[in-house]
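Since the structure comes first, as structure tokens, the remarks are kept for the end.
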Amino acid sequence: MSTRLESASPATASPATARALRQLRRHGGLVALLVLVLVNIAITPNFLQLQTLFVNISQVATIAIVAIGMTLVIATGGIDLSVGAVMALAGALAPLIFLSPFGVAYPALGLVAAFTLPLLAAMACGLFNGFMVSVLRVQPIIATLILFISGRGIAQVLTNGNLQTFSNPSFSYLGTGRILGLPFQGWLALALAGLVYWLVTRTLFGRYLLAIGGNERAARLSGVPVRRVKFGAYVICAGLAGIAGLIVVAINSASDAGRNGNLMELDAIAAAVVGGALLQGGRAPIFGAVLGAVIIQLVKYTLLANGVEDEVALIAKAFIIVVAVYLQAGRRE
Amino acid sequence: MTTPLLQMTGIDKAFAGVAALTSASLTIEPGEIHAVIGQNGAGKSTLIKILTGVYRRDAGLIMFAGKPSTISSPREAQDSGISTIYQELTLVPLRSVTENVTLGYEPRIWGGIIDWPRAHARTREILARFGIEIDVRAPLGSYSTAIQQLVAIARAVSLDARLVIMDEPTSSLDDREVEVLFGVVRGLKASGVSVLYVSHFLDELFRICDSVTVMRDGRTVARKAIAETTKLELIADMLGRDIDEIRADGMTELGGGQRDRSGEVLLEAKAAATDRRLHRLDLIVHRGEIVGLAGLLGSGRTEAARAVFGLDRLQKGSVSFKGQAPSDPASAIAAGIGYLTEDRKAEGIVPEMSVRENVTLAVLPKLSRGGRIERGRERALVEAFIKSLGIKTANMDQPIRELSGGNQQKALLARWLATEPELLILDEPTRGVDVGAKLEIQAIIRDYVARGFGVLLISSEFEELVEGADRITVMQDGYSVTELQNPGITENALVKAIAHHHRGQAPA
Amino acid sequence: MNRRFLMATAALAGLGVAAIAVPLAAQDLPPLAQKDRYKVGFAQMESNNPWRIAETKSFHDTAEECGWDLIATDAAGSAAKQVADVDSMIAQGIDVLFLPPREEKPLIPAVMKAKAAGIPTFLVDRSVDPNVAQAGRDYVAFLGSDFVDQGRRVAEWTLENFDGEKGIIVELEGTTGSSPANDRKKGFDDVMAQHDNMEIVASQSGDFARDLGRQVMETLLQAHPDVNIVYAHNDEMAIGAIQALELAGRKPGEDILVVSIDGTRDALQAIIDGKMGVTVESSPFFGPLACETMKRYAAGETIEPWVQVSDRIFTKENAADHIDEAY
């Protein structure tokens, strides 16, 4: 009385199909991007204009920057839900600084402070997250939930819940400046992606980060300073979120602590996952995260430009994530 | 001759092409206390999981209570009368004793609502049968492990089990609690319930069991009545030794007992104890020698290695390496100790990383400058090791999980050799490795030692220890109990040493 | 066990009381006694734009003169939190409730609960679903602007002042499901539907927010580069739209007409600068009107279901005169 052999892999199709599927999985992101671009060229009016590219870059840059940081944290096997709140906090601090008496009296110094102090505050939030996760051993999703809930509240307390509007062209350059006709924040996002990519692939820190996510026990046994590296990941993630928060404020010439970065954590996680990050850790596809952000942005744009309500766009985003994760699952074996 | 309660014959099971069971069998009579013994990987747990429906067998026949078994899930096993009490208690500590005992089978009224008064009463009644009187409404977790284990058994019994499977039931019990357990088991036997008793404490088997099945390498190699065998015979069966024969030629390359052992003391552990089941470790390793750690499963060898490497904190005694006491892996590595762990999948390889990245993981600080890893130096180092250790890989950037077990092991060995340690702790270095790679790894170890370094070798392969170690420390239940010196150790002697000082006899 | 039993009993008791209380409550509007000082609850929905901030300030400013002990809360944009805020005010024993409901349907339970607790409610600046809750029965009155009329007036001004042949209109809507958004759309769209040379090519939600309005505008601009009229349901979105247009190199006011509603300071400035065409006022200064209406009700008067606020209209002609009093 025998029963069939259990096996993990599904019944194999013909070799050609299997190979095609494998290629699709490996380059799934690029394929999706190509499909989206082609669809848009076909149905969306004026898609092939430079201005369209400008608009899309301008809208995607902040998500991409936060997604890069999120990828690092996910690579350690963790997650950071506080990025949106950190954006709001950093964004709220900047106008407070350069509109303060000090900032008005010394505009140049005030501007520098308006860039650095919010970033320092953001990184302090990262330190807090890192401390909860590494030292107190709280699960990352719970540890970062603390700032997710309270960070925005702190920002709103600082601004009395008010919208702060201002006019400061030097600061607003961060969001409205152009280099070679394309938005400054787009170039910034690319530069940051390049920097973090270098960090992950060429430095001690990056190698340790991937080892911790890949097999934390093995890493610890090999003398990897697990605690310090995890701290680093959360601090970098929060710092990048701070930059994104400043960009949003710059581009609008207004700081809305209640709305800045709202739901950004979900967009960043989605972008990271679509880009190939594994939620259990061990992989940090930096440019993949940028690609993921671009794909999600393009879908949003396609729907909006073609008159579909934005509630439908949310469903579409969810669909993309499901497909992306399904393709990733195949890659694991 | 009564019909057996359980008859498993010709059971085959393979996972991803690797055979875990080959024509294994198991027979248990009604009202019999039957033990199953075997070393790591012998197939005991796989066989039991097939019986309880967790796995599906590839071939073979299972007859339970005279009928062919169609059990395909643990719940069905439970309903058919087979209860399992796992080593890691599968109870819910936050819920009350009653909830745990009646979980899934609560008495109900009005077609759905649980009748708690009746449940409490029934639980109290069942526990009373075992001589236990506790507040059944208190959370289970508030009681000692012993009580929890007895509650687990009570649950099994209350569900009208005909066969109770106990997996290492006494591993966390003290002597008094063991007696209580034995009383319970005997009570079960008296009421006609059979017990399948899995344990590696051989002394216990001789006190409580009627018969025993020995498994080795996925096969059933013997079924004997306890009264008709001895401990030595059972160990011989478990390990595949013919106790009348003494092996003449060695099967290893370690060349033990032939080295100059006049080197200085590298490592000294004195009465070391940790809170992780290491009760007393006395150990010395000199330069230029291989010291073996021998013992059965659960004897504390890995715990000893962890204490030496600084992974577990010492509660008593001392560990001194070149005069220092390592407090964590990083400082141990810096001082010059390397530790190749037993479980390469869980603690060794980083599966997503390449061979190169895995090999250099422990030695990265030396390959970097200003935080940047110097690619050229890294590649040169890995290249050298691939050549000297003969690691078979397409190229150094191949993901390590694609390599065979033997080559993964060599890569891990390279990781530790790259740190240029003076003491290498090797925990089962040739486990799961094909014969060719095994000999190569042993040759590497021999060369390493010849250069004046020390090795602490943990192995379950007796020939490896006997042929390779200069001295062997035998461990039992967290104690280092005796030391054997080469030349002159035979496998026979080692087996005897392990069998002799068994549980129940206070170690020196 | 004991604790669980107690909690269960308490919960059951609470439910029981509520169940009994509701039918026993007056089917009519709860009255308001005449007193020297009133405990007044004001459950604001959010404060992330100047309009809301001005509205809240108006209530605070009126509090002293009207003899109010004012309890003001802010729901930070969450309808659910706003309902919870009303609950806690009821528990604190307010005499009268002023409520600007964030969305038409989710806030109905709050209105009903206040009624059941014997507290007269005045809806301020936004209303609830008229099919479920009615003025004079479930709440005293709705104080507010006629949103449909606002939309209509914008449409009419646009028709008079647009000097092209064909109007390509992009509409930026307010929060989906809110009465101002629904009504301002209706008012505007109905008028435009009667004119063949006016076409609304796109209508998307900007959630009454500047940042989102900007993003939606820049996307729609790409899809419809020939747009020459932008109608935003509020000034914040209009400002965002102007930012988007300027960033894209267009000249709002010259080749694109931007029209909107609210009458904020930033909008008046934009009109003075020539970037915006018109903004119909939607006054946020409800404090005095609330005080007056409440006093009338306490004196026994029957209040009309809709206490209308009359809105002005700001264009290039009068913007400079009124900018100082703008919020």
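Each chain gets a letter, A, B and so on, in the order the sequences are listed, and its residues count up from 1.
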Contact class of [X] relative to chain A, heavy atoms under 4.5 angstrom:
X        : answer
B:Leu364 : both
B:Thr360 : side chain
B:Ala346 : both
B:Leu412 : neither
B:Thr419 : neither

Next item on the list: Just give me the residue among B:Leu367, B:Asp343, B:Leu361 that pairs up with chain A most often, heavy atom to heavy atom, under 4.5 Å.
Entry: B:Leu361
Notebook entry, point to check: If you look only at pairs with a residue in residues 327-380 of chain B, which of them pass as a ring pair (Phe, Tyr, Trp, His ring centres under 6.0 Å), with sequence neighbours excluded?
Noted result: B:Phe309-B:Tyr339
Name every donor-acceptor pair, under 3.5 Å, that has one atom in a side chain of residues 222-238 of chain A and the other anywhere in the protein, sequence neighbours excluded.
{"unit_1": "A:Ser222", "atom_1": "OG", "unit_2": "A:Ala218", "atom_2": "O", "d": "3.0"}
{"unit_1": "A:Ser222", "atom_1": "OG", "unit_2": "B:Arg415", "atom_2": "NH1", "d": "3.3"}
{"unit_1": "A:Lys230", "atom_1": "NZ", "unit_2": "A:Glu216", "atom_2": "OE1", "d": "3.2"}

Sidechain-backbone polar pair: [X] side chain, [Y] backbone, donor-acceptor under 3.5 Å:
X        : Y        : result
B:Ser354 : B:Asp397 : no
B:Glu347 : B:Glu342 : no
B:Glu383 : B:Arg379 : no

Notebook entry, point to check: Taking atom CE of B:Met396 and atom CD of B:Glu378, what is their separation to the nearest 0.5 Å?
Noted result: 8.0 Å
Check: Do any of residues 189-204 of chain A have a heavy atom less than 4.5 Å from a heavy atom of chain B, and if so, which, in residue order?
Finding: A:Trp198, A:Thr201, A:Arg202, A:Thr203, A:Leu204
Margin query: Looking only at side-chain N and O atoms, does A:Ser82 offer a donor or acceptor that is under 3.5 Å from a partner on A:Asp80?
Written below: yes
Notebook entry, point to check: For chain B, which of A:Gly213, A:Ala219, A:Ala211 has the most heavy-atom pairs under 4.5 Å?
Noted result: A:Ala211
Notebook entry, point to check: What pairs meet the side-chain hydrogen bond (donor to acceptor under 3.5 Å, both in side chains) rule with one or both residues in residues 64-74 of chain A, with sequence neighbours excluded?
Noted result: none
Margin query: B:Arg306 and salt bridge (Lys or Arg N to Asp or Glu O under 4.0 Å): which single residue from B:Asp427, B:Asp312, B:Asp275, B:Asp328 fits?
Written below: B:Asp312
